[in-house]
Amino acid sequence: MVKDSIKRRKPNILVTGTPGTGKTTTSTAPAEATQLNHINIGDLVKEKNLHDGWDDELDSYILNEDLVCDELEDVMDEGGNIVDYHGCDFFPERWFDCVVVLQTDNTILYDRLSRRGYKESKLSNNVEREIFQVLLEEVKESYAEDKVVALKSDTIEDISRNVATLTDWIRNWSIQV
Ligand code: ADP
Ligand code: MN
């Protein structure tokens, strides 16, 4: 398991969390500062049609997990990626050196998602998932504990601190390998 990461010259990081917790905002600056690729899975799925159509009920694409993993395999072997997605359990565990779970207070998240124009069922579904820490549980089931970091993402200060933490972590990783 450790050997896999030693082959990479730059780390792979998964930034996950319920929609609206700040994954894309938090991933962009560290990726630019350290020249890692920022891979927004939602955008990739749309661009490359890595889905099985649209789910009207969930109001989102039905992601095809096999197509997504096939698409990413080479670039993940290479290393140097920040993967940004609100799911975590279908990626191979060996891909990631660090898994970050962003967490947001549920009233703050509610406001962010309503500003984003989410319809009521999608909004309450996601806020509920956040309250019950569904993603954190999924991450803990899918990845070794020492790779998992939960970070609070309520305020602008939280973003600054999380961006700095991630950027430092990437720089240190690259030095150590
Ligand atoms: P995600 O990619 O997880 O869906 P985004 O990064 O797109 O989330 O953020 C959703 C919205 O919430 C954006 O308008 C962003 O500016 C805002 N936001 C995200 N995190 C924070 C935070 N910690 N403090 C204040 N606003 C935030
Ligand atoms: Mn996003």
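Indexing begins at 1, ligand by ligand and atom by atom, following the structure's order. Numbers for residues simply follow the sequence, beginning at 1. All values reported here derive from a predicted model rather than from experimental measurement. The analysis underlying the following values was restricted to heavy atoms, covering all of them including side chains, and did not include hydrogens, waters or symmetry mates.
Set against the non-hydrogen atoms of Ile159, the atoms of ligand 1 under 4.0 Å away are 20 (N), 21 (C), 22 (C), 23 (N), 24 (N), 27 (C). Every atom of ligand 1 with a heavy atom of Thr25 under 4.0 Å away is listed here by number and element: 5 (P), 6 (O), 9 (O), 15 (C). In summary, the atoms of ligand 1 found under 4.0 Å from a heavy atom of Pro19, numbered by their order in the structure, are 4 (O). Taking a cut-off of under 4.0 Å to the non-hydrogen atoms of Asp154, the atoms of ligand 1 that pass are 22 (C), 23 (N), 24 (N), 25 (C).
Summarising the contacts of atom 8 (O) of ligand 1 with Ser27, Gly42, Gly17, Gly22, the nearest heavy atom is found in Gly22. In the candidate list Glu157, Lys23, His86, Lys23 is nearest to atom 1 (P) of ligand 1, counting heavy atoms.
Side chains of Asn81 and Asn12: a donor-acceptor N/O pair is present below 3.5 angstrom, by distance only.
Of the polar atoms of Thr26, none of the N or O atoms is found under 3.5 Å from an N or O of ligand 1, judged by distance alone.
Thr155 C, 3.0 Å is the protein heavy atom nearest to atom 24 (N) of ligand 1. Nearest non-hydrogen protein atom to atom 22 (C) of ligand 1 is Arg112 NH2, 3.1 Å.
Following chains of ILVMFWY side-chain contacts shorter than 4.5 Å, one can reach Phe90 starting from Met76, so the two form part of one hydrophobic cluster.
Side-chain contact between His51 and Leu63: absent, with no pair of heavy atoms (C-beta onward) separated by less than 4.5 Å. You'll find the side chain of Asp158 stays beyond 4.5 Å of the side chain of Thr104, heavy atoms only.
Lys147 forms no cation-pi arrangement with Tyr143, by the criterion of a distance under 6.0 Å to the ring centre and an angle within 45° of the ring axis.
Ligand 1 has Arg116 within reach: a non-hydrogen atom of the residue lies less than 4.0 Å from it.
Residue Thr25: no N/O/S atom is found under 2.8 Å from the Mn ion (ligand 2).
Few gaps surround CD on Glu137; more than 12 heavy atoms of other groups in view lie less than 6.0 Å from it.
Using a 4.0 Å cut-off between charged nitrogen and carboxylate oxygen, Lys140 and Glu145 do not count as a salt-bridge pair. With salt bridges taken as basic N to acidic carboxylate O contacts below 4.0 Å, none links Lys23 and Asp84.
Atom 14 (O) of ligand 1 lies below 4.0 Å from none of the non-hydrogen atoms of the protein.
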